[in-house]
Amino acid sequence: MACTGDEGGFFPVDDCLFADTFSEDNVYEFMGQELKISQVFGADLGVAAPVWDSALHLCSYFEAESLDLRGKRVIELGAGTGVVGILAARLGADVTLTDLPLAVPQLQTNVSANMPSSGWPSVPPTVRPLSWGQDQLSFPSDWDLVLGADIVYLSETYPLLLETLVHLCKNGAVVYLSSKMRREHGTPGFYQETLPSRFHVELVHRDVIQNINIYKASLRKDH
């Protein structure tokens with residue numbers, strides 16, 4: 001992975017700390033694909049604004065594993081800037097990027113900015129709002145992959161996320177979740193208790209320095 005631009009670091013959830021709206025553009029390179037990602041701060045996006053390290057780790061993991069995404073049906077949850085899903089689309093996947101309605105314009109901007117000059121290798125990525133536990137039933141269950149990066153940080157959303165994952169994975173989708181393991185937010189408990197209640201869960205990557213784990217999961221058939 002290569003990156004140019006100001007990395008930024010941790011941005012507070014409290015977006016009122018940003019007096020004015022401003023954007024920051026970074027360029028990342030994974031698997032031979034150059035991604036131009038815009039981050040809009042001060043636009044009430046909160047945690048959806050920045051590119052989180054967990055997202056970059058998931059992209060790097062796909063690169064290290066040489067994951068073949070051509071023709072795969074992929075949905076990303078809590079996509080934020082869309083860097084993971086956009087990479088998948090550039091590699092030939094049929095991608096749907098989702099987040100709360102407020103984040104949809106930023107996602108659409110980044111999708112448009114990253115269309116290859118020769119066009120998308122499969123189909124253009126779709127951007128749709130998705131609120132966990134509320135409207136997941138309006139989405140199909142025929143995905144190959146369900147992706148999420150740094151979406152496990154609010155304990156009150158964990159049952160809603162689990163409910164959403166169960167629906168999306170009914171037909172055998174594989175889940176990849178990359179998370180900063182924030183003990184104060186109960187993130188380890190989600191992977192040790194909540195997710196295993198319905199899914200087979202495997203730790204496939206651990207970065208001790210940055211405290212980031214990547215998990216692979218599939219829906220259990222014994223429910």
Side-chain angles (χ1 to χ4, degrees), residues 1-64 67 69 74-130 147-151 153 176-180 207 209-212 214:
M1 187 272 286
C3 165
T4 61
D6 183 7
E7 284 286 346
F10 180 79
F11 290 90
V13 175
D14 185 359
D15 51 62
C16 70
L17 295 178
F18 297 97
D20 301 302
T21 298
F22 67 96
S23 64
E24 178 179 292
D25 297 329
N26 284 330
V27 177
Y28 304 94
E29 187 174 327
F30 298 97
M31 303 175 79
Q33 303 295 320
E34 185 177 273
L35 308 178
K36 301 170 184 174
I37 302 297
S38 177
Q39 305 166 86
V40 181
F41 300 105
D44 297 323
L45 288 175
V47 295
V51 175
W52 294 102
D53 288 337
S54 294
L56 302 181
H57 271 64
L58 191 54
C59 291
S60 293
Y61 175 78
F62 290 159
E63 184 171 49
L67 201 67
L69 296 172
V74 175
I75 185 169
E76 183 180 3
L77 303 179
T81 62
V83 62
V84 177
I86 290 170
L87 174 63
R90 291 282 294 260
L91 294 171
D94 178 353
V95 176
T96 297
L97 297 145
T98 71
D99 208 320
L100 294 173
L102 207 59
V104 165
Q106 175 176 252
L107 278 170
Q108 291 173 327
T109 295
N110 282 329
V111 166
S112 298
N114 284 281
M115 184 178 74
S117 57
S118 57
W120 295 98
S122 177
V123 295
T126 300
V127 177
R128 292 180 59 185
L130 170 56
L147 309 178
D150 226 344
I151 61 174
Y153 57 87
Y176 284 98
L177 296 176
S178 178
S179 285
K180 188 89 165 180
D207 185 317
I209 302 299
Q210 296 199 46
N211 194 28
I212 292 173
I214 297 176

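Values below: all heavy atoms of this structure, side chains included; hydrogens, waters and symmetry mates excluded.
- D99 approaches L107 most closely through the heavy-atom pair CB-CD1, 4.0 Å.
- By the side chain to side chain donor-acceptor pair (under 3.5 Å) test, N110 is found to be paired with no residue, residues two or more places apart in sequence or in another chain being considered.
- Scanning both residues, L58 and G148, for their nearest heavy atoms gives CD2-O, 4.1 Å.
- Pairs engaging residues 107-116 under the salt bridge (Lys or Arg N to Asp or Glu O under 4.0 Å) rule: none recorded [sequence neighbours left out].
- Here CG of L87 is found 13.0 Å from OH of Y28. Values are rounded to the nearest 0.5 Å.
- Of the possible donor and acceptor atoms, one in the side chain of E63 sits under 3.5 Å from a partner among the backbone N and O of M31.
- Under the side chain to side chain contact (heavy atoms under 4.5 Å, CB included) criterion, Q210 pairs with D53, H57, K180, D207, I212, sequence neighbours left out.
- Closest of all the heavy-atom pairs between P125 and L97 is CB-CD1, 4.0 Å.
- For residues 117-126, there are no side-chain hydrogen bond (donor to acceptor under 3.5 Å, both in side chains) pairs, not counting sequence neighbours.
- Interatomic distance, CG of N211 versus OG of S54, reported as 9.0 Å (0.5 Å rounding).
- Put simply, the side chain of L56 reaches to within 4.5 Å of the side chain of F30, judged on heavy atoms.
- Of the possible polar contacts, none joining the N26 side chain to the I37 backbone as a donor-acceptor pair under 3.5 Å is found.
- N114 and E34 make their closest contact through OD1-O, 4.0 Å (heavy atoms, listed as atom of the first residue, atom of the second, distance).
- Considering all non-hydrogen atoms of both residues, A113 and K36 come closest at CB-O, 4.4 Å.
- Note on ring orientation: taking the six-membered ring where Trp is involved, the planes of Y176 and Y61 are tilted (angle from 30° to 60°).
- Every side chain to side chain contact (heavy atoms under 4.5 Å, CB included) that L100 has, sequence neighbours left out, goes to S131.
- Here T98 pairs with nothing under the side chain to side chain donor-acceptor pair (under 3.5 Å) rule; sequence neighbours left out.
- Partners of P105 under the side chain to side chain contact (heavy atoms under 4.5 Å, CB included) rule, at least two apart in sequence or in another chain, do not exist in this structure.
- To the nearest 0.5 Å, atom CG of residue L177 and atom CG of residue L77 are 8.0 Å apart.
- The minimum heavy-atom distance linking P121 with A89 is given by the pair CG-O, 3.4 Å.
- Atom CD of E76 and atom CD1 of I86 lie 8.5 Å apart (nearest 0.5 Å).
- Screening residues 88-97 for salt bridge (Lys or Arg N to Asp or Glu O under 4.0 Å), with sequence neighbours left out, gives R73-D94.
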